[in-house]
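Written out below as structure tokens is the structure these notes cover.
So that the names make sense, note that chain A is the first sequence line, chain B the second, and so on, each numbered from 1.
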Amino acid sequence: MRVRFAPSPTGALHIGGARAALYNWLLAHQLNEQGSGTRGTFMLRIEDTDRERSTDANVAQILDALTWLGLQWDEGPISQVGNTPRHQEALAQLLADGHAYHSNATAEDVKNYKQTHGADRGFRGEPESSGAVRLHVPDDGHTGFEDLVRGEVSFPNAAMDDPVIARADGSVLYNFAVAVDDLDAKITHVVRGEDHISNTPKQLLVFEALGATPPQYAHLPLLHGPDGKKLSKRHGAASVQELRDAGYLPEAVNNYIALLGTGFAPDEEFFTLQEMAERFRLDRVSRSPAVFDEQKLRHLNGMHLRALELDELTERLEQFTGRSGLHDAVAISREKIQTLADFWPLAGFLFDGPADDPAAFARTIGSDAGREALADARAALAEVQAFTPAAVEQALRAVVERRGLKPGQVFQPVRVAIAGTTVSPGIFESVALLGRDRTLELIDRALAR
RNA sequence: GCCCCCAUGGUCUAGCGGUUAGGACGCCUCCCUUUCACGGAGGAGAUCGCCGGUUCGAGCCCGGCUGGGGGUACCA
């Protein structure tokens, strides 16, 4: 099995593109049916025949995103324009065989033709000695294929226009280049977005004209935003780098976008890349578009976050925040965060001091009762010998007991004194981590306000 | 307009002729409890888009309709 992911570098790697890449990767990483112990090949090809919009910066971004996701390609990346000689050769062959012809017909001409012949009559040009190159489409019959996720898909030839496969200047167009490249690369399965489904018959016709056997095709449903429209920038994070910047883990992104279009088990949703590769089946892929739901991504991200080894999580968090020495703080925060971005707002006070939240202060320490509880807590903590979470807990609970309060009436003032806000990791763990001196200093400062 | 694809709770899915239509996210209640989370126990929420047909029996098969989406470029 040889598959490929062939993005056009006209922008960052979109989530939909990432899913296409992932599904191809999963396919290539499945062991061959014959039990030979070998797997397929995942090729990366950059579809850069659109010189206007393709940029090197976009290519770099796409490679970066795929690398981050861990979707390593086995071959490539190859540039489509790099295949120009071969494209020209194939083009000359079709021209010589009479499968294609030169035509000066413009888009306007095509429109007019349909005006007079009916919208269901495709445009057929007259061969000329110069101009763009169009492929001959049969007048009758259908061009169809067995889509691996949808089943039989068929297009009436009569409704198809003779597609332009090369510009007047000789440069080839997408539908022609793709077919030639897939043929040359011996691609066996083309797995791509549904927006390509109507391109397939054109490519099939190119294979036919070349006398070659086409690969098998599978078209994935598109991803939509919450409004049911095609997913785009206006729906928030739509590119892989935006997800990375938002603190999502590649493991979770892969897991989530894979789930968005297929199920791997009736009642399980947490999977690693390897597990997904083992279970993935093209014929199990959904045929209907899915809505991207960041809430669920967050949930899955939390699960993957907690599944990481502490050292590994720490490393990623240090990379994400640009800070170091986070290990102990991560240990007491990990079960309270869902994304890497959640960490600093929760535990940053352990390093940079309390946050400024006047409302939280007023609510917990602003009252006489709050100040008294805090003062008592301070006194109790000052007496603690070994400053461990357990010892801190014992001391603080003793205060609760002595004053006949509810736990929160003591813990919250302490929390706000050290963290500045009412949300933090466990209070005993936080206090212990800060140490006695620092804790007492912060409490004193709060008491002095 | 024309061509193509799709249709299970708000969202993602399981279901593959006979189920109390299962799970997950989200939402609500409760437990745990020191905040937030995590974990645990419950709950609300679906006439399986609609109408016909096939069948003893249809979410599952067939047809039509409606709705949504994609394409319709000398873009990819």
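Donor-acceptor pairing under 3.5 Å, judged by distance alone, is absent between the side chain of A:E268 and the base of B:G23. Counting atom types as modelled, A:K336 pairs a side-chain N or O with a base atom of B:C36 as donor and acceptor under 3.5 Å.
In this structure, CG on A:L13 lies 10.0 Å from CG on A:D64, to the nearest 0.5 angstrom. Rounding to the nearest 0.5 angstrom, the gap separating the CG atom in A:L220 from the NE2 atom in A:H196 is 11.0 Å.
For A:E335, the side-chain atoms get nearest to B:A37 when compared with the rest of B:C16, B:A37, B:U34. With B:C5, B:A76, B:C3 as the candidates, the nucleotide lying closest to the side chain of A:R150 is B:C5. Closest contact between the side chain of A:E47 and the listed nucleotides B:A76, B:G26, B:C3 involves B:A76. Which of B:U34, B:A14, B:G26 sits closest to the side chain of A:Q295 comes down to B:G26. For A:R284, counting side-chain heavy atoms from C-beta on, the closest listed nucleotide (B:G15, B:A76, B:C2) is B:G15. You'll find that the side chain of A:V153 is closest to B:C4, out of B:C4, B:U34, B:C6. When the nucleotides B:A76, B:A14, B:C25 are ranked by their closest atom to the side chain of A:Y174, B:A76 comes out on top. Comparing B:A76, B:U11, B:C3 against the side chain of A:D293 picks out B:U11 as the nearest. Here the nucleotide nearest the side chain of A:S288, chosen from B:U35, B:A76, B:A7, is B:A7.
A:L305 places its CG atom 16 Å from the C1' atom of B:G39, with the value rounded to the nearest Å. One can place CG of A:L148 at 16 Å from P of B:C5, the figure rounded to the nearest angstrom. One can place CG of A:D283 at 11 Å from P of B:G15, the figure rounded to the nearest angstrom. Straight-line distance from the CZ atom of A:R4 to the C1' atom of B:A76: 11 Å, rounded to whole Å.
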Run the ring pair (Phe, Tyr, Trp, His ring centres under 6.0 Å) test on A:F280 and A:Y23 for me, step by step, so that the C-alpha distance in whole Å, both residues' side-chain angles and the decisive distance to 0.1 Å come before the verdict. CA-CA 8 Å; A:F280 186 69; A:Y23 282 8; 4.7 Å; yes
List the steps and the verdict of side-chain contact (heavy atoms from CB on, under 4.5 Å) for A:E309 and A:T314. CA-CA 9 Å; A:E309 292 295 328; A:T314 299; over 6 Å; no
Determine, stepwise, if the pair A:V178 / A:R45 fulfils side-chain contact (heavy atoms from CB on, under 4.5 Å). CA-CA 10 Å; A:V178 172; A:R45 183 174 69 222; 4.0 Å; yes
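Between A:T10 and the phosphate of B:A76, there is no side-chain N or O to OP1/OP2 separation shorter than 4.0 Å. At the phosphate of B:U11, neither OP1 nor OP2 sits under 4.0 Å from any side-chain N or O atom of A:R298.
Comparing B:U8 with B:C50, their C1' atoms are spaced 15 Å from each other, to the whole Å. Between the C1' atoms of B:A58 and B:U47, the separation comes to 15 Å (whole Å).
Residues satisfying the side chain to side chain donor-acceptor pair (under 3.5 Å) criterion with A:E312, sequence neighbours excluded, are A:R316.
A:F292 and A:Y256 have their aromatic ring centers within a separation under 6.0 angstrom.
A cation-pi arrangement is absent between A:R279 and A:F271 under the rule of less than 6.0 angstrom and at most 45 degrees off the ring axis.
Residue A:G261 is in sugar-phosphate contact alone, with no base atom involved, counting any heavy-atom pair closer than 4.0 Å across all strands shown. Within the nucleic acid shown, A:S154 comes within 4.0 Å of sugar-phosphate atoms alone, with no base atom in reach, counting heavy atoms only.
Base pairing of B:G1: its partner is B:U72, meeting the Watson-Crick or G-U wobble criterion (both donor-acceptor distances under 3.5 Å).
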Heavy-atom protein contacts under 4.0 Å, nucleotides 58-74 of chain B, coded B base, S sugar-phosphate only, - none: -----------BSS--B
